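Taking it in order: structure first as structure tokens, then the write-up.
Just so we're clear, the structure is a prediction, and the values are computed from it rather than from any experiment.
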Amino acid sequence: MRRTLMRDPVFWLCLFLLTVLLILSFGNTILRDGQVDQISNRYAEDGTFLATSPLKPSSDQWLGTDRSGNDLFQLMIEGFKWTVGICILVALSRMFLSLVIAIPLAFRTARVNRYLKLILDGFLVLPLSLVSLLLLFSSLVFMDSTVVPSLFDRVSFELIILILLGLPSLSLYLIAETRQLLSQEFMIVAQTLGGSPWHRFRRHILPHLIPTLTIVFMQQFIQTLMLLIHLSLLGIFFAGTVNLYEGVMPTIFEWSSMFGYYFNQFSATSWLNHMFLVPLIGLALIVFFSNLFMSRLERAFRFRQQLKPIKGSASRVQDEAAATSMVDPFTPVVLKSHHDSD
């Protein structure tokens, strides 16, 4: 697998773009304290007034500015770490908590898992966007900008909600995957030989789950991103929405919040008002490269399974089959020497 990924230019392209954008985003936070240039008006060299915000793209402002004069290119760079960081944190937290829930339950009897499935199946048909809207609206929509809680409290609360909403479906999926592995012959042999649940999970189940968990991580990443986009269109921006006289405004300019904020300003009278296309194209590229990255990982895992060497000789396999098919467990088994000639 490692050798396949090392020789895959598409994998390295996705990793390179992610690394460069993260370096630029964190660099802007560290070197400039997260500041974004604001240009309200544009003047010629002789001082003649040319235009006011929102400004068209130019050599100075590559993507133009919004109505407040914020440089859109710098806003995109600054908000990238928030968007990617939120999705990565939520995806990893969901996977970890789902493993903690699913693995012990998978070792329980089928009756327990059947009742659990009946309870959690109801959560699978609920639209996560509407459920999160109901849970977040009263806590993250502020009518007065002077009573906004701290950033840590707002971010922590929304992250907890986003993580908990994905646990039922992911836990059921991991329970099903684990129970399918437990029904395999090698797992039955491991249990017969006295392997503890922790030993069987660590030595047998986890290595088989790693390819699945990698794909699940990318799926949860994209699902979290889509959930943030839906919430922004419904007026719930990440870390809170402030209602001002001019309209709603996000407290953090991450990409999904920028998309919802600029979409509310959409007007067909001028192309200058189509600012929502800038974060929309950025979000579409994130989804595209995430799916591309996931497909290359799937390809590497598939090649690994195809090229995996078959351990053991035919005579050893026959000996193991004879040992497991004995009627009397105390009957001595005479193993053939693997070095004897036919």
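Taking CD from Gln184 and CD1 from Ile205, the interatomic distance works out to 11.0 Å, rounded to the nearest 0.5 Å. Put simply, CH2 on Trp198 and CG on Leu206 are 8.0 Å apart, with the number rounded to the nearest 0.5 Å. Summarising the geometry, atom CE belonging to Met143 is positioned 4.5 Å from atom CG belonging to Asn243; distances are rounded to the nearest 0.5 Å. Atom CZ of residue Phe221 and atom CG of residue Asn291 lie 10.5 Å apart, to the nearest 0.5 angstrom. In this structure, the separation between CG on Asp71 and CG on Leu63 is 7.5 Å, given to the nearest 0.5 Å. With rounding to the nearest 0.5 Å, the separation of CD1 in Ile215 from CD1 in Ile210 is 12.5 Å.
A tilted orientation is assigned to the rings of Phe259 and Phe276, their planes being inclined by 30° to 60°. Ring geometry for Phe73 against Trp62 counts as tilted: the plane angle lies between 30° and 60°, on a 0 to 90° scale.
In this structure, Phe152 places its CZ atom where only 12 or fewer heavy-atom neighbours from other residues, nucleotides or ligands lie under 6.0 Å away. When the shell of 6.0 Å around CZ of Arg203 is examined, it contains 12 or fewer heavy atoms from other residues, nucleotides or ligands.
Taking 4.0 Å as the cut-off between side-chain N and carboxylate O, Arg299 and Asp8 count as a salt-bridged pair.
Aromatic ring centroids of Phe186 and His208 lie under 6.0 Å apart.
Across every non-hydrogen atom of Phe253 and Tyr262, the tightest pair is CE2-OH, 4.2 Å. Of all the heavy atoms in Thr83 and Ser256, the pair that sits closest is OG1-N, 4.3 Å. Of all heavy-atom pairs spanning Cys87 and Thr224, the tightest one is CA-CG2, 4.1 Å. Closest approach of Ser295 to Leu292, counting heavy atoms only: OG-O, 2.6 Å. Heavy-atom minimum distance, Ser40 versus Thr52: O-OG1, 3.2 Å.
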- Output, in order, the C-alpha distance, side-chain angles, deciding distance and verdict of side-chain hydrogen bond (donor to acceptor under 3.5 Å, both in side chains) for Ser156 and Asp153. CA-CA 5 Å; Ser156 301; Asp153 294 338; 5.7 Å; no
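Counting only residues at least two apart or in different chains, side chain to side chain donor-acceptor pair (under 3.5 Å) contacts with residues 93-108 comprise Arg94-Gln220, Arg94-Gln223.
Shown are Thr19, Leu15, Leu13, Val20; of these, the side chain to side chain contact (heavy atoms under 4.5 Å, CB included) with Leu17 is made only by Leu13.
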